[in-house]
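Lettering follows sequence order; numbering is per chain, from 1. The basis for the numbers below is simple: all heavy atoms, side chains too, and nothing from hydrogens, waters or symmetry mates.
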There are 2 protein chains.
Amino acid sequence: MSVTIKDVAKLADVAPSTVSRVIANNPRISEKTKRKVKEAMEYLGYHPNFNARSLANRSTQAIGLVMPSSADKAFQNPFFPEVIRGISTMAHEQEYALYMSTGNTEDEIFEGVVRMVQGRRVDGIVMLYSRVDDRIMCYLQEQSFPFTVIGKPFKNADSITHIDNDNFKAAQEMTEYLLSLGHERIGFVGGNLNLVVTIDRLLGYEKAIRNAGLSYKDEYIVHEEFLKEGGQEAVKELLALENPPSALLVMDDLMSFGVLSTLNELGLSVPEDISLLSFNNVMLSELSSPSLTSVDINIFQLGYEAAKGLLECIQSPGKPAKRVAVPFELIERQSCKNVK
Amino acid sequence: MSVTIKDVAKLADVAPSTVSRVIANNPRISEKTKRKVKEAMEYLGYHPNFNARSLANRSTQAIGLVMPSSADKAFQNPFFPEVIRGISTMAHEQEYALYMSTGNTEDEIFEGVVRMVQGRRVDGIVMLYSRVDDRIMCYLQEQSFPFTVIGKPFKNADSITHIDNDNFKAAQEMTEYLLSLGHERIGFVGGNLNLVVTIDRLLGYEKAIRNAGLSYKDEYIVHEEFLKEGGQEAVKELLALENPPSALLVMDDLMSFGVLSTLNELGLSVPEDISLLSFNNVMLSELSSPSLTSVDINIFQLGYEAAKGLLECIQSPGKPAKRVAVPFELIERQSCKNVK
DNA sequence: AACCTATCTGTATACGCTTTCAGAATCCAA
DNA sequence: TTGGATTCTGAAAGCGTATACAGATAGGTT
């Protein structure tokens, strides 16, 4: 079939083990032999078989990606491509490849992960989300399989290497920003409440509201899916209030797009009638009209650091877990108005 | 270390080969033994080692994805997540996993592909783009490695299974649509000219223009990258003409967003001053204001069919190459105006 | 010349699974 | 009871690589 180490060995007139050592660049092989073997490899067009190598080696040079369970929906959010780009960049630096298993239901995803882990298809896993009581995360911990999380683990955060923004602080600061613009009725448009990021930000929001001496009103809090439809629903609920908010803190730019177009339909304009501040700063947020004031959470870097952390876990298993906080930054555009 | 086939064999009091046959669901094994073995597997929490299996089997149950060489940029285009979602859906149906190798430069990508192929990391490859004289495509053909292409191969199209829209026809029809609205000065905002899709559409556009008895003007043709910046550049060039177009046929919604925001800045409005018709119908195209009239090219299905075709290639190597044409559909929204 | 190091290379086995081939067990007809 | 067909199972040889261990070679010392 294809060229093996033995063919190379024969041609170079050495033993297979020698060839293997040349591949591994083992210092015990003389330069002369190395050259000879390399020539033979070149001549035959030899390429090592990864499966054989993995088997002997117990390592695959691949890392697995776990997407949130509604993989199809989520993939539409530019957050994921961008975070994957970050992961992929780091992975590539160390010659790791990416492996994705997919599925539509919760169970399928879980099964996919089990196969990745038990089948030794990957050396470690990056979880692209963090939510309350996640089965997959529990499983990985039980197996003590190397993994890192993007977002804060709901429990055992100390013993799991994770990468996130300080979402509590971010939400608090952003709420304070809106307060500083004179808004006192600030709505919170959150995503799925099972996601830790939603919880953290809600707490930050609450903190800021209370610090300002305002009362925290449940009716100003709305939770929807992270997509544009979510944004649309949210607006309807909030505007139906007798005293509707003058500003919204929205968890995702995509939801903001939904909010924006719904407001448009209702004949309300941003920021004149209502201000919008959202998170993620995806590429398109500067192109909408009005352009969105948004928190740049450095998605690329989240991915990059997550992969980096994972590779550390893999390469030095002893190391204690750590947390990396990726900085965030408010990008002011046109969707917030000073009402003072 | 972990549980192997031997452990299961020992517990079930059979030979390893029997266990292997149970896994493969070989009909030559009696139901009784199967049950016994399955219980043992269950009890021990056995999972087959994929590397060992691949090695013995010469198959990996994984398919590789090749992104265009500027992987980082391209990933930002919603086209890719969506096409990957399609691929992933099909792959999952047949229990295949996805494998991505990445790189920043042309050479890195190529090296990645070689490693995937020679290292037997994947059973086949889906090329997510098609362009003129592509090194990777040539390589795959030389190696007669199973692969399919999304888009039309520049050469040897007959011998390569590929999935695309009929882009020539699509562009022709869309140009005719604009003509039917009364536009006679139609600009063509194309993407990278190395991409076959750009060429096909340009030809379709030209055909429609000539059929209508209009003259084909070079100055109405602009080529930019497929991103928003591209859109911005394009507008500036076209509006500088002494007789600027009244309608633009834009190759990608993302470019249209760029066009839209640039026009905004220049104080021109769509569709009053200029009409916009673009391709892809990405999720956000209905949310912009005005919402975009766009050609839905069924990105998901492109991916789905590409994966399906690939799996056929893999599973029955003899089969002749085929072409699948995915239908397209014009989605009329607000960005085109009837000027008759 | 004999011996010892230091350096390099080869032999053999393991990694976990699949598969060929042969052999054992079972069953039924003669 | 024997023979032959049929069904099921096991032993063993790969798949292509890594590595422990032993062996060979070269170089230097006494």
Side-chain angles (χ1 to χ4, degrees), chain A residues 1-41 44-62 95 115-123, chain B residues 1-38 40-41 44-62 95 114-123:
Chain A
M1 188 70 134
S2 50
V3 186
T4 80
I5 214 174
K6 285 182 193 167
D7 302 318
V8 176
K10 208 169 294 170
L11 181 63
D13 200 29
V14 296
S17 53
T18 304
V19 177
S20 171
R21 288 194 186 99
V22 172
I23 295 168
N25 201 19
N26 187 314
R28 296 193 336 193
I29 301 293
S30 66
E31 280 309 320
K32 207 177 88 195
T33 331
K34 271 185 191 166
R35 239 193 329 277
K36 197 170 59 177
V37 171
K38 277 179 183 161
E39 271 165 26
M41 297 200 305
L44 294 174
Y46 168 80
H47 276 265
N49 178 314
F50 239 93
N51 292 310
R53 182 172 235 178
S54 298
L55 185 58
N57 232 356
R58 285 110 177 293
S59 100
T60 60
Q61 294 280 109
E95 307 224 292
R115 281 206 300 266
M116 279 207 251
V117 172
Q118 306 277 18
R120 308 281 154 190
R121 280 191 165 216
V122 299
D123 293 341
Chain B
M1 190 69 132
S2 49
V3 187
T4 79
I5 214 174
K6 285 185 193 165
D7 303 318
V8 176
K10 207 170 291 167
L11 180 62
D13 201 27
V14 295
S17 50
T18 304
V19 177
S20 170
R21 281 193 269 259
V22 172
I23 295 170
N25 200 22
N26 186 316
R28 296 192 338 193
I29 301 292
S30 67
E31 281 307 320
K32 207 178 90 195
T33 332
K34 271 185 191 166
R35 239 193 329 277
K36 198 171 60 177
V37 171
K38 277 179 184 163
M41 295 199 307
L44 294 174
Y46 169 80
H47 275 266
N49 178 314
F50 240 94
N51 293 311
R53 180 172 239 182
S54 299
L55 186 57
N57 235 357
R58 284 110 179 294
S59 100
T60 59
Q61 294 280 106
E95 307 224 292
V114 172
R115 279 205 301 266
M116 280 207 250
V117 172
Q118 306 277 17
R120 307 282 153 190
R121 280 191 165 214
V122 298
D123 293 341

Using atom CG of A:Asn57 as one end and atom P of D:dA18 as the other, report the distance to the nearest whole Å. 6 Å
Would you mind reading off the distance between B:Leu55 atom CG and C:dC15 atom C1', rounded to a whole angstrom? 9 Å
To the nearest angstrom, the NZ-P distance between B:Lys6 and D:dG10 comes to 15 Å
When the distance from CZ of A:Arg120 to C1' of C:dC17 is rounded to whole Å, what number comes out? 15 Å
Could you tell me if the side chain of B:Glu95 sits less than 4.5 Å from the side chain of A:Arg115, heavy atoms only? yes
Numerically ordered, the residues 46-54 of chain A set in heavy-atom contact under 4.0 Å with DNA chain C is none
State whether B:Ser20 places a side-chain N or O below 4.0 Å from either non-bridging phosphate oxygen (OP1 or OP2) of C:dT18. yes
Whole-Å gap separating P (D:dA18) and CD (A:Gln61): 11 Å
With a 3.5 Å distance limit and no angle check, can you tell me whether B:Asn57 reaches the backbone of B:Ser59 through a side-chain donor-acceptor pair? no
Any sub-3.5 Å donor-acceptor pair from A:Asp123's side-chain atoms to A:Thr60's backbone N or O? yes
Protein within reach of the bases, or only the backbone? For nucleotides 5-11 of chain C, mark each nucleotide 5' to 3' as B, S or -, using heavy atoms under 4.0 Å. ---SBBB
Mind calculating the distance between CG (B:Asn26) and C1' (C:dC17) to the nearest angstrom? 15 Å
Rounded to the nearest 0.5 Å, how far apart are CZ of B:Arg53 and CG of A:Leu55? 13.5 Å
Give the rounded distance in Å between these two atoms: CE of B:Met41 and P of C:dG16. 17 Å
May I ask you to verify if any side-chain N or O of A:Arg58 is less than 4.0 angstrom from the OP1 or OP2 atom of C:dG16? yes
To the nearest 0.5 Å, what is the distance between CE (B:Met41) and NZ (B:Lys34)? 11.0 Å
Can you see which heavy atom on B:Gly45 is nearest to which on B:Val3, and at what distance? O-CG2, 4.5 Å
Point-to-point distance, once rounded to the nearest 0.5 Å, from CZ of A:Arg58 to CG of B:Asn51: 11.0 Å
When you measure from the side chain of B:Asn49 to the backbone N and O of A:Arg120, does any donor-acceptor pair fall under 3.5 Å? no
Which donor-acceptor pairs under 3.5 Å do the side chains of residues 5-22 of chain A make with protein atoms, sequence neighbours left out?
from	atom 1	to	atom 2	distance (Å)
A:Asp7	OD2	A:Thr4	N	2.8

